[in-house]
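Each remark here refers to the structure printed beneath this line.
Everything numeric here is computed off the predicted structure, so don't read it as measured data.
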Amino acid sequence: MRLIRPFEILFLLGAVLASVAVSIWLAIWSPDALLRDPLPLYRQGAATSSPEINGNRQIQHIRLVGPDGETVPFQVSLPSKLPMNPLPVLVIVSGFPGAQDPLRHITHPGPNIIVVYHPPFDPAMRLETVSLFNIWQTRGVIYRMPEEVSALLAWIGRQEWADRKRINLAGIGLGAAILPAIRRRAAATGQPVNASVFINGGADTAELAGSGLGGGMAWLAGQMLRPLNPATHLPEISGPFLIINTADDAAVSESARAALETLLPEPKTIAAVTRGTDSVDAYIARIVRITQNWLIAQSALSP
């Protein structure tokens with residue numbers, strides 16, 4: 001009988017360990033890993049301030065508190081006097097700190113509820129400041145977005161003012177990139193979503209990261225965000241959808257935009273909005289009008 005040599009034992013042991021490592025990696029980093037667990041309990045924390053009164057609207061600053069003590073900050077814009085009947089809801093998923101405040105640009109919200117979710121990044125963080133020293137922390141915030149928005153949708157569904165059949169989502173920039181994974185996590189946890197709007201989005205995390213980072217950092221970011229890759233989740237969600245492409249913004253490549261348009265199922269509407277000679281505020285106001293008009297045409301919002 002031939003004796004097994006030590007190097008053969010080491011080879012077999014290495015092969016077994018490699019197989020186990022690959023299995024664990026696939027289990028943890030599989031896109032479907034986002035969908036498996038039930039939604040944990042998120043409780044409403046104390047309001048961060050008294051409601052602001054802005055014309056005939058009140059703006060509430062609220063936060064949810066997760067099972068590990070993490071906070072989910074968001075704003076709610078409601079009519080000062082709520083009617084008896086429930087109202088349509090538009091949930092806006094924002095991106096990195098420093099972006100324009102969506103509520104400031106929605107000057108005519110109508111008889112609707114507007115909710116803005118802000119990913120809980122460090123307020124001083126910007127995309128251009130992401131480095132090897134904070135990329136893991138940044139990844140952690142982004143990776144929690146599908147869970148936190150699903151918890152926010154569950155909270156909205158419990159409010160008397162919400163029309164559960166007309167809860168809509170709009171993602172801007174990073175929010176648009178993570179929106180497909182958010183939609184799948186929401187569906188897996190029983191949170192209904194009506195219409196969805198993608199503003200300045202794309203369909204490849206590596207390309208989206210590369211637009212802001214470049215080089216090895218872009219590759220690393222793409223690998224770390226692989227389970228959230230829009231290309232994986234887009235074919236699995238249902239519309240109606242609106243895509244607003246802002247071609248003047250170089251942060252999203254043409255190939256990433258084209259992939260989003262191709263992979264997103266029907267029914268979908270695609271609008272290319274260029275800035276031209278408009279000021280920033282006028283340009284954003286035009287995007288807001290297009291979004292509102294489309295949602296009203298879909299009966300997703302009230303005029």
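One distance of note links CG of Leu64 with CD of Glu70; it measures 10.0 Å at 0.5 Å rounding. Atom CZ in Arg185 sits 12.0 Å away from atom CD in Glu148 (nearest 0.5 Å). Here Leu78 contributes atom CG and Ile59 contributes atom CD1; the two are 7.5 Å apart, rounded to the nearest 0.5 Å. If you take CD1 on Ile270 and CZ on Arg257, they are separated by 12.5 Å, rounding to the nearest 0.5 Å. Arg183 CZ to Leu234 CG: the interatomic distance, rounded to the nearest 0.5 Å, is 10.5 Å. Rounding to the nearest 0.5 Å gives a distance of 6.0 Å between CG of Leu228 and NE2 of His233.
A salt bridge is absent between Arg144 and Glu147; no separation between the charged side-chain nitrogens and carboxylate oxygens falls under 4.0 Å.
Among all heavy-atom pairs drawn from Ile106 and Pro109, the shortest one is O-CD, 3.7 Å. The shortest non-hydrogen separation linking Ser302 to Pro111 is CB-CG, 3.7 Å. Contact detail for Phe241 and Pro265: the closest heavy-atom pair is CD1-O, 3.4 Å.
With contacts defined as side-chain heavy-atom distances shorter than 4.5 Å, the pair Leu87/Asn112 does not qualify. When side chains are defined from C-beta on, Pro120 counts as touching Val141, because their heavy atoms get closer than 4.5 Å. In this structure the side chain of Val149 reaches within 4.5 angstrom of the side chain of Val93, judged on heavy atoms. Inter-residue side-chain proximity for Ile114 and Gln75 is flagged as unmet; no heavy-atom pair is nearer than 4.5 Å.
When the salt bridge (Lys or Arg N to Asp or Glu O under 4.0 Å) test is applied to Arg43, no partner is found at least two apart in sequence or on another chain. Remark: Thr189 engages no residue in a side chain to side chain donor-acceptor pair (under 3.5 Å) (not counting sequence neighbours). Checked against salt bridge (Lys or Arg N to Asp or Glu O under 4.0 Å), Arg158 has no partners two or more places apart in sequence or in another chain.
Pairs passing the side chain to side chain donor-acceptor pair (under 3.5 Å) check and including a residue from residues 288-297, sequence neighbours excluded, read Thr269-Trp294. Note on residues 154-201: pairs passing ring-ring contact (aromatic ring centres under 6.0 Å, His included), not counting sequence neighbours, are Phe74-Trp155, Trp155-Trp161.
With no hydrogens or angles considered, a side-chain donor-acceptor pair links Thr246 and Asn200 at under 3.5 Å. Counted by atom type alone, Arg57 and Ser77 present one or more donor-acceptor pairs between their side chains at under 3.5 Å.
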Show which side-chain atoms of residues 164-176 pair as donor or acceptor with protein atoms under 3.5 Å away, not counting sequence neighbours.
| from | atom 1 | to | atom 2 | distance (Å) |
| --- | --- | --- | --- | --- |
| Arg166 | NE | Asp163 | OD2 | 3.1 |
| Arg166 | NH1 | Ser299 | O | 3.3 |
| Asn168 | OD1 | Asn194 | ND2 | 3.2 |
| Asn168 | OD1 | Ala195 | N | 3.1 |
| Asn168 | ND2 | Val89 | O | 3.1 |
| Asn168 | ND2 | Arg166 | O | 3.3 |
| Asn168 | ND2 | Ala300 | O | 3.1 |

* Chi angles and distances behind the side chain to side chain contact (heavy atoms under 4.5 Å, CB included) call for Glu52, Gln60 -> CA-CA 7 Å; Glu52 303 172 16; Gln60 300 178 357; over 6 Å; no
* Could you walk me through whether Thr274 and Tyr283 pass the side chain to side chain contact (heavy atoms under 4.5 Å, CB included) check? -> CA-CA 8 Å; Thr274 56; Tyr283 182 41; 5.6 Å; no
* Asked: Stepwise, does the side chain to side chain contact (heavy atoms under 4.5 Å, CB included) test hold for Ile237 with Leu264?
  -> CA-CA 8 Å; Ile237 60 178; Leu264 195 63; 4.1 Å; yes
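Heavy atoms of other residues, nucleotides or ligands lying less than 6.0 angstrom from CD of Glu266 number more than 12.
Listed for the Asp101 side chain is a donor-acceptor partner under 3.5 Å among the backbone atoms of Leu103. The backbone N or O of Glu261 sits less than 3.5 Å from a side-chain atom of Lys268, completing a donor-acceptor pair.
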